[in-house]
Asker: 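Quick one: structure below, then a few questions.
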Amino acid sequence: YKMSAGYDQIVKDSSAENWVIVIPDGEGLQDVQLGSGLSALAAALDPAQIQFAVLKVFATDDEGSRRAKFVLVNWVGPKVPPMKRMSAIQAKGAVSSTFTNVTIVKDAVNEDDLTAADIARDLFGSGGAHKPNAYDFGNGESFDCSCFKD
């Protein structure tokens, strides 16, 4: 797929928005909505649609380091009919190959699948030796990683 304008916006360090929701549209990805904060993203996903989202999360530490991590959300809303759910599997591969800088992928079927604790745990487990102190989910939402450290 061709990259979406919304994605190009959120990857910038200066961007106020840290997520974009997209849907496949012909040869490209159509932006549905941009926003900031994990809770706003979870609320914006349409329960009757198959959608994809990219969330930028900053890994932060006491030394002042901020490293962007990207989470791909494969959303199949709880009201999507079973026959339509099959099309999500086909689109998933094409969408994931478009976003090459994704750290982790989350499959979600309801808002409860998108919690800061779950995403932080997956990001923490995927990282290298340098472990962050917290993850910044945007819009003042952060998660303290001390619970993951020995």
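Scope of the values below: all heavy atoms of this structure, side chains included, with no hydrogens, waters or symmetry mates. What you are looking at is a predicted structure, and each value in this text was computed from that prediction instead of being measured.
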Asker: Identify whether the distance between the nearest side-chain nitrogen and carboxylate oxygen of R66 and D136 falls below 4.0 Å.
Answerer: yes

Asker: Looking at E141 and S39, would you say the former's side chain and the latter's main chain have a donor-acceptor pair under 3.5 Å?
Answerer: yes

Asker: Quick one: are D13 and F58 in side-chain contact, heavy atoms under 4.5 Å?
Answerer: yes

Asker: Looking at side-chain heavy atoms only, is the closest gap between N18 and I10 below 4.5 Å?
Answerer: no

Asker: Begin from the C-alpha positions of D61 and R67 and carry the test side chain to side chain contact (heavy atoms under 4.5 Å, CB included) through to its verdict.
Answerer: CA-CA 9 Å; D61 65 27; R67 292 177 312 286; 4.0 Å; yes

Asker: What distance do D144 atom CG and N133 atom CG have between them, rounded to the nearest 0.5 Å?
Answerer: 7.5 Å

Asker: Restricting to non-hydrogen atoms, name the atom on P132 and the atom on C145 that form the minimum distance, rounded to 0.1 Å.
Answerer: O-CB, 3.6 Å

Asker: Counting N and O atoms only, with roles assigned by atom type, does the side chain of S15 sit under 3.5 Å from a partner on the main chain of V11, one being a donor and the other an acceptor?
Answerer: no

Asker: Cation-pi check, K92 to F52: give yes when NZ or CZ is under 6.0 Å from the six-membered ring centre and within 45° of the ring axis, no otherwise.
Answerer: no

Asker: Same cluster for V22 and I89 if Ile/Leu/Val/Met/Phe/Trp/Tyr side chains link at under 4.5 Å?
Answerer: no

Asker: In this structure, are over 12 heavy atoms from other groups packed under 6.0 Å from E63 atom CD?
Answerer: yes

Asker: Within the distance-only criterion (no hydrogens, no angle test), does the side chain of K56 pair as donor or acceptor with the backbone N or O of K12 below 3.5 angstrom?
Answerer: yes

Asker: Could you work out, with side-chain contact (heavy atoms from CB on, under 4.5 Å) as the rule, every residue matching E111, not counting sequence neighbours?
Answerer: A42

Asker: List the steps, then state whether side chain to side chain contact (heavy atoms under 4.5 Å, CB included) holds for I23 with Q49.
Answerer: CA-CA 9 Å; I23 54 171; Q49 295 291 323; 5.5 Å; no

Asker: Is the backbone N or O of V80 less than 3.5 Å from a side-chain atom of R85, with the two atoms forming a donor-acceptor pair by type?
Answerer: yes

Asker: How long is the gap from CG on D122 to NZ on K106, to the nearest 0.5 Å?
Answerer: 4.0 Å

Asker: Taking G138's backbone N and O only, do any of them form a donor-acceptor pair with S36's side chain (distance below 3.5 Å, no angle check)?
Answerer: no

Asker: Would you compute the distance between atom CG of L55 and atom CD of E17 and round it to the nearest 0.5 angstrom?
Answerer: 13.0 Å

Asker: Tell me if a side-chain donor or acceptor on W75 pairs with a main-chain N or O of D46 at a distance below 3.5 Å.
Answerer: yes

Asker: Run the side chain to side chain contact (heavy atoms under 4.5 Å, CB included) test on L41 and F137 for me, step by step, so that the C-alpha distance in whole Å, both residues' side-chain angles and the decisive distance to 0.1 Å come before the verdict.
Answerer: CA-CA 10 Å; L41 170 60; F137 286 92; over 6 Å; no

Asker: Quick check on the hydrophobic clustering: are V73 and F143 connected, directly or via other members, by side-chain heavy-atom contacts under 4.5 Å?
Answerer: yes

Asker: So if I apply the side chain to side chain contact (heavy atoms under 4.5 Å, CB included) rule between L45 and each of V76, L114, N110, V32, which one comes out positive?
Answerer: L114

Asker: So V54 and L72, side chain to side chain contact (heavy atoms under 4.5 Å, CB included) or not? Walk me through it.
Answerer: CA-CA 5 Å; V54 176; L72 174 62; 4.1 Å; yes

Asker: For the backbone of F124 and the side chain of Y135, can you confirm whether one donor and one acceptor N or O come within less than 3.5 Å of each other?
Answerer: yes

Asker: So D118 and D113, do their side chains get closer than 4.5 Å, heavy atoms only?
Answerer: no

Asker: Could I get the full list of side-chain contact (heavy atoms from CB on, under 4.5 Å) partners for D25, not counting sequence neighbours?
Answerer: Q30

Asker: Hey, does I50 have a side-chain heavy atom less than 4.5 Å from the side chain of K84?
Answerer: yes

Asker: Which heavy atom in L38 sits nearest to a heavy atom in T115, and how many Å separate them?
Answerer: CD2-C, 3.8 Å

Asker: Decide yes or no on ring-ring contact (aromatic ring centres under 6.0 Å, His included) for F99 and F70, but give the supporting numbers first.
Answerer: CA-CA 9 Å; F99 299 118; F70 293 89; 9.3 Å; no

Asker: Using side-chain heavy atoms (C-beta onward) and a distance below 4.5 Å, is T98 in contact with Y7?
Answerer: no

Asker: A side-chain contact here means heavy atoms from C-beta on lying under 4.5 Å apart; do S96 and V102 qualify?
Answerer: no

Asker: Can you give me the closest heavy-atom contact between V20 and S4, atom names plus distance?
Answerer: CG2-OG, 4.5 Å

